[in-house]
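Since the structure comes first, as structure tokens, the remarks are kept for the end.
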Amino acid sequence: MRSSKPIHSRRHPKLRPAALLSVYRTLRRAFGHQRWWPGETPFEMMVGAILTQNTAWTNVEKAIRNLKEAKMLSLREIHRVSRRSLARRIRPAGYFNVKADRLKHLADFLVREYYGDIGRMERDTTAVLRGKLLGVKGVGPETADSILLYALNKRSFVIDAYTKRIFSRHDLAAQDLDYAAWQAIFEKALPHRTGLYNDFHAQIVRLGKDHCRKSPRCGACPLDRFSENVKKSKILCK
Ligand code: SF4
């Protein structure tokens with residue numbers, strides 16, 4: 001009879017939350033610090049967080065370049081220009097009409113709530129800010145947390161599809177667990193350090209892109225070695 005267990009849980013030991021810091025250290029040793037988020041200003045990072053929804057970062061880079069060339073990459077300009085004009089510039093990022101709307105909603109929010117002053121925004125608590133961001137049309141938990149963590153340096157762990165794929169393959173939790181539950185696992189297990197949250201998520205994205213793809217390349221993956229190294233330690237489940 002065939003086992004119903006997913007193939008990766010048979011190959012790789014189950015991780016407990018207590019192992020997460022060791023996972024981070026292993027990835028950091030393998031990949032080095034990722035120096036995220038790519039972007040020159042907090043507002044550019046916010047724009048990137050919207051543009052990267054459902055697309056690869058290389059497409060976002062093209063859209064950002066277009067915005068820069070058109071001198072449109074500022075809150076003032078995005079708030080001012082027409083949705084149509086904005087959509088034309090961000091076309092490479094895909095779903096350009098929807099994303100133009102979302103950028104306009106974000107710009108409206110920043111102007112309405114904070115008079116366009118990011119410094120004023122930073123003075124809100126993480127919980128208050130998160131609640132407000134989630135109220136902006138087109139901003140879901142992943143986008144809100146990316147803005148909080150990378151643009152505003154607030155401590156909020158970002159969960160994305162790579163996180164769920166990688167850690168469900170190691171049986172940390174079921175892939176279909178909801179966003180809040182996944183986030184709680186990481187936030188409970190990790191030291192409460194913004195820099196750690198920042199680079200850990202970046203490492204996860206790197207791991208997902210380089211190794212833990214839909215068809216995983218476990219052979220050269222740092223977590224494959226990690227599994228071997230910690231087989232006897234107490235941080236693995238029995
Ligand atoms: S590619 Fe790496 S992270 Fe993904 S299942 Fe294999 S060992 Fe684990």
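Numbering of ligands and ligand atoms starts at 1, following listing order.
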- Task: Examine the proximity of ligand 1 to Cys221 and report which part, side chain or backbone, both or neither, has a heavy atom under 4.0 Å away.
- Result: side chain
- All heavy atoms of Leu86 vs all of Ala100, minimum pair found to be CD2-O, 3.7 Å
- Task: Using a cut-off of strictly less than 2.8 Å, determine whether His211 has an N/O/S atom near atom 8 (Fe) of ligand 1.
- Result: no
- Query: Going by the atom numbers of ligand 1, which of them fall below 4.0 Å from some non-hydrogen atom of Pro216?
  - Reply: 1 (S)
- Does Lys154 use its side chain to pair, donor to acceptor, with the backbone of Asp145 at less than 3.5 Å? no
- Query: Where does the angle between the aromatic ring planes of His201 and Tyr150 fall among parallel (under 30°), tilted (30 to 60°) and perpendicular (over 60°)?
  - Reply: tilted
- Item | Nearest non-hydrogen partners of Arg35 and Asp199, listed with the distance | N-OD1, 4.2 Å
- Task: Pull out every atom of ligand 1 sitting under 4.0 Å from any heavy atom of His170, numbered as shown with elements.
- Result: 3 (S), 5 (S), 7 (S), 8 (Fe)
- Query: Can you name the side chain to side chain contact (heavy atoms under 4.5 Å, CB included) partners of Arg88, sequence neighbours left out?
  - Reply: Ser85
- Message: When you measure from atom 6 (Fe) of ligand 1 to the N, O or S atoms of Cys212, does any of those distances fall below 2.8 Å?
- Response: no
